[in-house]
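These notes concern the structure reproduced below.
Start at 1 with the first residue, then count along the sequence.
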Amino acid sequence: MTEPAATPPRVVLVYLLDLRSHRQILERTAAQLTAFQDSGLDAVAVCLDRGLPGEFPSAVEALPSRGPRLLRAFLDARRLRTHLEKEHPAAVVVRYGFASHTLVRIARRFPMILEIHSDDTRELPSGRLVRAYAAVSNRLYRSRLLHAVRGAMFVTRALVSLPVFAEITGPRAVIPNGVVLPAHALPVPQNDRPVVGYSVGYAAPWQGLDRLAALADALPEFTFRLVAPAPVIAEAVRDSRVEIIIAGDIASYRAAVAGFDVALGGLALDRKGIEVASALKVRESVSLGIPTLLFSRDEDLEGIDSATLTTVARGSWTATEVAPTVREFVRGAVGARIPDTVRQLVDVRTKAERYAALVHEVLADGERTQPAHR
């Protein structure tokens with residue numbers, strides 16, 4: 001008599017944000033779901049629906065999210081808990097922002113893996129009230145949450161070594177961010193003079209638009225171009241030498257970056273206290289083959305110092321200090337593209353397979369003694 005096939009373990013990826021406002025995260029999530037399913041998991045994702053334009057993929061369920069921001073955070077957490085009680089997953093993977101009572105309850109109800117992108121004791125959400133709420137919530141619930149989770153994925157080795165995450169006792173893995181890898185690098189643009197491009201998705205001090213304007217003043221022989229989804233994001237360089245392109249959809253965005261001879265990585269991550277980053281924007285420019293200048297450590301790309309990819313500075317810097325290095329790199333990079341061997345380092349598929357292996361390890365580790373409730 002044939003044994004019935006075992007039901008694959010159900011794993012839910014949780015995002016307390018509207019994925020439609022984070023295209024690269026949405027693409028990465030789709031690749032992760034595919035890798036999880038290929039590894040024998042029944043994987044779905046859940047995120048918030050804040051009324052933005054666009055559609056969600058079929059494997060992503062959206063929970064309605066409305067109301068004032070501070071109240072909304074509380075209501076979103078309640079909706080998530082109710083949804084997971086109905087799903088009854090074998091494991092929950094949460095993109096971590098800060099601790100909360102709801103996350104503690106979920107972690108004690110279902111095996112939870114935290115996906116950690118930053119040090120939440122130093123980087124909290126923007127907005128005065130929400131930031132204050134997150135700080136208080138962390139003080140109350142952070143230790144309880146870290147004791148309750150079953151495992152964690154860190155995007156950098158620097159994060160996994162921080163003492164503030166020492167309370168996580170389950171399996172850990174360091175898996176840098178990845179992006180969907182195009183079949184071929186973009187063709188070399190035909191510009192009258194070199195175009196140095198920078199793209200941002202929102203306005204924040206750590207985007208370093210003031211530094212972009214300063215570079216444009218220090219290197220007038222090049223065209224510095226900013227690509228942003230809305231005019232308000234580019235206000236900081238409105239009266240500078242920086243050209244602005246507003247690209248509100250993926251087609252216009254791709255057309256804009258196709259004109260870059262060189263792309264710039266995050267210009268002011270030091271203002272967030274970040275020394276090591278795994279930036280999706282950097283990975284996208286690398287995946288497209290655009291020669292790229294980095295301004296922070298990137299463990300995925302560390303050790304590569306070539307005519308098409310190099311690190312200019314780490315920490316705080318001024319345009320005067322880095323202008324000679326930038327000038328030399330841009331002049332040498334015009335007409336070149338990053339080789340496929342380097343482009344493949346940022347391929348999300350390989351990283352998603354490693355992520356699936358971590359989930360299986362946590363599930364296999366499920367017989368370990370549960371931490372005492374506090």
Is the backbone of [Y] close enough, under 3.5 Å, to the side chain of [X] for a donor and an acceptor to pair up by distance?
X	Y	result
K351	V179	no
S278	P176	no
T292	I290	yes
Q190	V188	yes
R337	P187	yes
R343	S287	yes
R81	R105	no
N191	G259	yes
N138	D120	yes
H22	L17	no

Report the relative orientation of the aromatic rings in F222 and F224; use parallel for angles under 30°, tilted for 30 to 60°, perpendicular for over 60°.
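Ring orientation, 0 to 90° scale: tilted.
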Charged N-O contact under 4.0 Å between [X] and [Y]:
X	Y	value
E284	R254	yes
D261	R193	no
R349	E353	no

Of all heavy-atom pairs between [X] and [Y], which one has the smallest distance, and what is that distance?
X	Y	result
L48	A62	C-CB, 4.5 Å
V104	Y141	CG2-O, 3.7 Å
L301	V286	CD1-CG2, 4.1 Å
R354	V174	NH2-O, 2.5 Å
R50	L16	NH2-O, 4.1 Å
A336	T308	CB-CG2, 3.8 Å

Under 4.5 Å between side-chain heavy atoms, hopping through other hydrophobics if needed: is there a path connecting [X] to [Y]?
X	Y	result
Y202	I246	no
L212	F329	yes
V164	V94	yes
V346	L264	no
I244	V200	yes

Do [X] and [Y] come close enough that some side-chain heavy atom pair is under 4.5 Å?
X	Y	answer
V93	Q32	no
R314	E275	no
R283	Q24	no
T310	L293	yes
V12	F110	no
R79	D76	yes
V44	R10	yes
H83	V46	yes

Mark yes when over 12 heavy atoms from residues, nucleotides or ligands other than E328 sit less than 6.0 Å from its CD; otherwise mark no.
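Count not over threshold, so no.
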Should the heavy atoms of other residues, nucleotides or ligands under 6.0 Å from CZ of R238 be counted, would the total exceed 12?
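Above 12, so yes.
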Pair S21-D18, side-chain donor/acceptor within less than 3.5 Å
no
Between the side chains of T223 and E243, does any donor sit under 3.5 Å from an acceptor?
no
Among residues at least two apart in sequence or on other chains, which ones pass side-chain hydrogen bond (donor to acceptor under 3.5 Å, both in side chains) with S296?
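Residues passing side-chain hydrogen bond (donor to acceptor under 3.5 Å, both in side chains) with S296: none at all.
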Taking only residues two or more places apart in sequence, or in another chain, which ones meet S137 in a side-chain hydrogen bond (donor to acceptor under 3.5 Å, both in side chains)?
none
Suppose we call two aromatic rings close when their centres sit under 6.0 Å apart. Are F36 and Y355 close by that rule?
yes
Residue pair R331, E221: steps toward the salt bridge (charged side-chain N to carboxylate O under 4.0 Å, His left out) verdict
CA-CA 10 Å; R331 287 176 174 172; E221 66 267 38; 3.8 Å; yes
